Every structure is written in C-alpha cells, then in structure tokens.
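In this text, all values refer to a predicted model and were calculated from it rather than measured experimentally. In what follows, chains are A, B, ... by sequence order, proteins preceding strands, each numbered from 1.
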Amino acid sequence: MSEETKSLNFIEHIIEEDLANGLPKDKLRFRFPPEPNGYLHIGHTKAIGISFGLGEKYNAPVNLRFDDTNPSKEEQEYVDAIKRDIAWLGYQWENELYSSDYFDKLYEWAVQLIKDGKAYVDSQTSEAMAEQKGTPTQPGTNSPYRDRSVEENLDLFQRMKAGEFPAGTHVLRAKIDMEDPNMLMRDPIMYRIMYAHHHRTGDEWCIYPMYDWTHGESDYIEQISHSLCSLEFKPHRKLYDWFKDNVYEYAKDKLPLPPKQREFARLNLSYTIMSKRKLLKLVEEKVVSGWDDPRMPTISGLRRRGYTPNSIREFIKKVGVAKRENVIDVSLLEFCVREDLNKTANRVMAVLNPVKVVITNYPEDKEEWLEAENNQEDASAGYRKVPFSREIYIEKEDFKEEAGSKFFRLKLGGEVRLKNAYIIKANDVIKDKNGDITEIHCTYDTDTSKKVKGTLHWVSIKHAITAEIREYDRLFMHEAPDSDKDKDFMEFLNPNSLNVKIGYLEPSLSEAKVGERFQFQRLGYFVVDEDSTSDKLVFNKTVGLRDSWAKQKPKPQTTMQAKPKPQQQKRSAISVIQQLGKKYTNYPEDKQTKVKAEIIDLAKEVSYDELEPLFATAVKKAGTRIAVMIALKELLKNGLERNEAINEFISKALEDKNDILVAEASEV
RNA sequence: UAACCUGUGGUGUAAUGGCAGCAUUCAAGACUUUGAAUCUUGAGGUAAUGGUUCAAAUCCAUUCAGGUUAUCCA
C-alpha cells in the first residue's frame, strides 16, 4: 500500500476505511441537497466544497438534488439561483435531481410500511400530538390511533392522497417508540396533508413527505454512498437508519447499497449571519439592495463584491472539516481574495479623495503618455500608457505640510516618486479661506533613478474619467451578531456599511467591462458593478490592500472600532517548565540535554513559592518531577535555603523507579 | 439539567500511543517605482485532575466548559 502522506479529514478517513473494508471505489457517490427556499451563502459553500471536493478527489459522481418537499416555501427562482451559483463556483454535478421525482416511490414504500404494521394514520390535532410527544427528559405516550388496523390505515392513507380530507386532519406516522430518548424516534410524522401548488408537481399531490422520510430514501434511491450533512442532523441519524433499514428489505435487489449519513460542523464567519431566514429579513426590510448586495454573505453577493470562485474554493480548503463548533475569522476570507487577485488583477491608478497638485516647472500645454506595467506578478499582462500633465490629483492623505520621518509620503520640502512617472518636490501650498488646502505646488525632476522613500499613485486631471465608487464595511458591528440572547441581530447593524463617492480614474479604465477586476494601486481591489452604464462606471471595492501603515497611526474616525485582539500573553516561566517536563522522559538524549538547559535558564525567573506546589505532583508524572528537580537545583545553587518540604521531595525522588529522576536528585 | 456530540496557539486545522506540524493572525527585519507582493526571523497551543504505559493530545476515569435535539420546516 502506498503511504498517503497528505493528512486527511475525518470524513476522508471514514471513506478510506470503507474502501479498505471492501467498498468498491466506483460505488462512491455523493450529493448536495439544498432546499430551494433561498439563496446559497458562504456557509453552503462548505457543504458544496466537501461533497464536490470528495467527488473530484475520488473521481466519483456528485448529484445536485433539490430537496423540495415543502411547496409552501419553495420557488423556481431559487432553483435557478442555486444552479447558477454552484456552476459559477466551478463545480459540475452529475445529475440534476429533485426529491419530488421520488414521490411515487416514497408513497409505494409508505404503503408497504403500513402493511407491515410499521406506520399508521393519526387523526389527532397537532396540539394533542405535541402533548403526547413528551420532553427530552420525559417519555412520550402512545396515540389512541396507534393501533388502528392495517386495513383502516391503508384506507385512510389512500383517501388522504385522494384529497378527501382537509389539511391538518390526518398524518401518517412511523410506528417506532414513544419512549425513545431520541425525540425524533417518537413516532415521527412521514406525511402531512397540504394543499399547495408545487413548483414541479403542480397540484398532483396534496400529501407531502417530511424531510426525514424523504431525505434518506432519496439518498438510497440515488445510491449515495456517503450522505454528508451538518452536525444539527446528528440526532436524525437514528431515524435515517431506521427508515433505511426497513426500506432496504423491500428494495435490496435493485438497490444494494445502503447509504451512510455523517455529520460535520457547519461554517460560521465572524461579523456575519448565515441563517436564510435572517438574510431574507435583510432583503425584505431593504437593509440591503437584494440577495446579491455586495455586503451579503451569499454567493451572489460575494460574486458582485468581486470575489473570485477560486478564492472561495481556496478559502473552503483552508477552513478544513471537523466536528467542532467554529467561527472563522473574515480575515481568512479576505486573505484568500487578495492572494488570488494579487496574481490576476491588473494594476491601475485611481484617486478617491483628491487634492490638486500643480507641477510648476512642467509646461502648461504639454502632455506625455508614459508606460506602465499592468501586473508585475504576471509578465504576460503587458503594458499600457498613462497620461501625465501639469495638473494632477493625488490622495489628500498622501500630503502633509509637516510630518515626521516615518511619513514616507509628500511633505513640504520633501520628495516623492509618482508611480510610473517622475519625482516631485513640494514647495508651497495654497489654501482657501477656511485653511483647507486647495493646491500643492511642486517641481518635478526627470531623474527617476534616485532613491526616495515614498511612491504615490496619481491621475492627470485633464485626462481623468470619473466613476461611482462603492466602498463597503462589514454589515454588522458584532463578531457574532446572532449569538446574543438578549439583543436582536438587527441591533448590531453597521449604519455605515456602504459609502459611495466619486473617484478619478486613469482613462484606460473607460474600456472596463462589467465584472472586470482591478487593483487600484495602494488602495485595494475593485470590480466593475453591473449597475454601470455606457456613460457611468460603477465600481465595488472588493477588499483593501493589507495596510501596515494604517496600523501604526491611531485609527481616524472609523465607525467600526475593530475589537482589539486579545493579547497573546507570554506564559509564565513555571508553566513552561511544567510543560517541558511533561515530555522529558520521552525525548531522545540530545533533546533532553537541550531541554534541561532551557529549564535551568527558566528557573532563574521562578520563585520558590511558585515551585513548591509542584512538589505534590503525582508520583507517576516522573517527567514533571524531573523538571521541578532541575529547577529546584538551580534555585538552591542561587542561594535558596533547604527546608522540610524540599528535603522530603528529594528523598522521595531518590527512591523513585525512574532512573533519570534518581540521577537528578542524587546530584543535589 | 435526559440523550447525543465536541474541547489542540487569538482563529481554523493536522498528528490513530513515539520529538505537537501547517495556514492565518500578530510582531520584527530585508527588499521594494504599491507602507502591497515577496523573503527571513520571532511570538503564541493539547480544558483540569488522576490513572494505564518505557512512552499519552491520542487509551481509561472523574470534573469542568461549550453545543445539539421538543415545527404537520429542511
């Protein structure tokens, strides 16, 4: 067997084990089963990435199955949007399927279960049934209809299907166990009566199967080998298996592979929400412009924001798969787009907060078209020309009349390089009556070989084109907006999540097309929004560049006072000694020598009061005792007086069965 | 407080009993016609306590903490 050096996640381990136990590789089959009741968001991408990723890894088919068993919530619009988003991410499904395709088969199996005495029609109100259900701590009680005869059940179920009863009057239940500690096993409902138009089956059905009855059986019909879902479905597994085991008896000849449900932790992203219901609320209350608002965590929102499919797939890969609750920092997502866009986005110059610069020694009617590299990360991206003239804009932030040596940008009397152009020196400023700077007067120097610390981006005023620039901040000001028990997530909305301004861009951008991505040098990545028209460009800011300068100065009026990172405290010397000790006996000799020296060094910072409690360390923990002994020796050497406790600790150590400990102790 | 699940640097994820890695984040430096990128270096971790073992993040026990499950939703 070839040694797999790459690390596997727990699902891959399960699959490898199944393969090792004889599951043929060509039987591997996965599925992604969204309900078409909303748009896909970044959280779904994890599930998509897992199942489709496994498909790619094992060269196995992955079905796209719409779980459409509740016609009151589902719409074709969502089906279309989901397909578009998955395709955009670059995944290919084997078959496009619908749970509703299996309504006939499910009905047939339900009848079979009734015949076998494993399902019955209950005719109580939902309140009465809830009452009998019990609680997690109290067992439930049987329905009075539980022991109806097979004939009666068959008759009623058939009439339910035929539309003879109003909604809510009857349900079909599986007959399992009302006392099962797992609430889902207490005679779960399999069918309810619902007179609703289904986006695919129309008015053909008036009874609809419930999730638990549908999902596992759909997996089974499609011969899915591993059915992967999020952790919240863990309690459903027992029921999933119950249905599967029973149905297997009816169909095993034609459908030999019983699927296996496994659960992983869903993705949570800091400063955002993932609940479809809550996202819908943002749309309905017009907090955002729609499902594809660039601030939304939906795939369509991220797409419009300028994220690339690649960056999202990379993000999902980095996030990994496990079973513990997690909150992923948005900075990881941002890292992933920057990494991708850095390699692919062409650089251009744009000024968003302009101040005018007049180059006094540059002729008024002169203009030059200078060569600029499109992307130094990609030699094939080529060059373009940018116009230079006597009057240009630079960013207000890039000029100060006076500043310290840490300020690399333009200041009076200082020199700075203009990207792709010349070196200029600021000589004078002109101010209006409010004292605001209206013009900076500079002189230029054609010798571009000299070294200057700062480089600024700029645009020629005469040639600049304007565009609407939409800058976004996070939608919520709380790290976990929907986790607060007392406050509604809407209270954490950031009132300044959208900032619209006019930007001045180099003229080459007049050719830019919707969806095209650029790096505005020194500012960030921007994408042409679909709101652009032939005479007005609109750009969305995808993400800023990393800015280690901004971190050094106190943040100006940011609305979003980013929470200071919890200090990564240095650990105390004693706890480090303790930790080093734990493994001591485990190390090879040369490492022991190194660790010992380290402990001796650390012991200089340790007081006797810190050390003494560790004398009581369990006898078995020889390593820790050795470390304590080494530290103690160092303390004694530095003048610590011996006392009762020390003597006892040493004499006990001398009798220990661990040779290293004895050796250390005897040196005292 | 019934059942089930989960605890590894700030965050995420590896290590199936054998020297706790990787990524991100943060910090310092080098380089730089983007205070970007790149490169170098550093900081930071096995929830606690016992036990089994030559050897424990890993196995056992106890404790602690967090989560999930009670819709004719999925």
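Applying the ring-ring contact (aromatic ring centres under 6.0 Å, His included) rule to A:H457 yields no partners; only residues at least two apart in sequence or on another chain are considered. A:Y444 pairs by the ring-ring contact (aromatic ring centres under 6.0 Å, His included) definition with A:Y362, A:Y422, not counting sequence neighbours. Judged as a ring-ring contact (aromatic ring centres under 6.0 Å, His included), and not counting sequence neighbours, the contacts of A:Y78 are A:Y39. For A:Y393, the ring-ring contact (aromatic ring centres under 6.0 Å, His included) partners two or more places apart in sequence, or in a different chain, are A:Y504. Annotation: side-chain hydrogen bond (donor to acceptor under 3.5 Å, both in side chains) contacts of A:T137 (sequence neighbours excluded): A:T135. Taking A:T169 as the reference, nothing meets the side-chain hydrogen bond (donor to acceptor under 3.5 Å, both in side chains) condition, with sequence neighbours excluded. Taking the side-chain hydrogen bond (donor to acceptor under 3.5 Å, both in side chains) definition, one finds that A:S99 meets it with A:D67, sequence neighbours left out.
Contact between the side-chain N/O atoms of A:R546 and the OP1/OP2 oxygens of B:A37 is found at a separation under 4.0 Å. Residue A:H13 places at least one side-chain N or O closer than 4.0 Å to OP1 or OP2 of B:A15. Between A:T69 and the phosphate of B:C73, there is no side-chain N or O to OP1/OP2 separation shorter than 4.0 Å.
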Are there any protein N/O atoms within less than 3.5 Å of an N/O atom in nucleotides 17-20 of chain B, and if so, which ones and at what distance?
from	atom 1	to	atom 2	distance (Å)
B:A20	OP1	A:Y587	OH	3.4
B:A20	OP2	A:K583	NZ	2.4

Nucleotides 58-67 of chain B: which of its N/O atoms have a protein N/O under 3.5 Å away?
from	atom 1	to	atom 2	distance (Å)
B:G67	O2'	A:E325	OE2	3.2

Between protein and nucleotides 2-5 of chain B, what N or O pairs are separated by less than 3.5 Å?
from	atom 1	to	atom 2	distance (Å)
B:A2	N3	A:P136	O	3.4

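A donor N or O paired with an acceptor N or O is found under 3.5 Å between the base of B:U8 and the side-chain atoms of A:R324. Put simply, the side chain of A:E232 and the base of B:U69 share no donor and acceptor less than 3.5 Å apart.
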Sequence neighbours left out, cut at 3.5 Å: what donor-acceptor pairs do the side chains of residues 342-352 of chain A make with other protein atoms?
from	atom 1	to	atom 2	distance (Å)
A:N342	OD1	A:R347	NH1	3.3
A:T344	OG1	A:D340	O	3.0
A:R347	NE	A:A345	O	3.3
A:R347	NH2	A:N342	O	2.4
A:R347	NH2	A:A345	O	3.4
A:R347	NH2	A:N375	OD1	3.1

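B:G35 has A:W549 stacked on its base ring, the centres lying under 5.5 angstrom apart and the planes within 30 degrees of parallel.
Salt-bridge annotation for A:E12 and A:K57: present, with a side-chain N of the basic residue lying under 4.0 Å from a carboxylate O of the acidic one.
Using modelled atom types, one finds no donor on one side chain facing an acceptor on the other under 3.5 Å when comparing A:R417 with A:T448.
The A:I328 side chain lies nearest to B:G12 when the options are B:A70, B:G12, B:U34.
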Just the dot-bracket of RNA chain B, please: which string comes out with Watson-Crick or G-U pairs under 3.5 Å, [ ] for crossing, | for another strand? .((((((..((((....[..))))((((((.......))))))...(((((..]....))))))))))).....

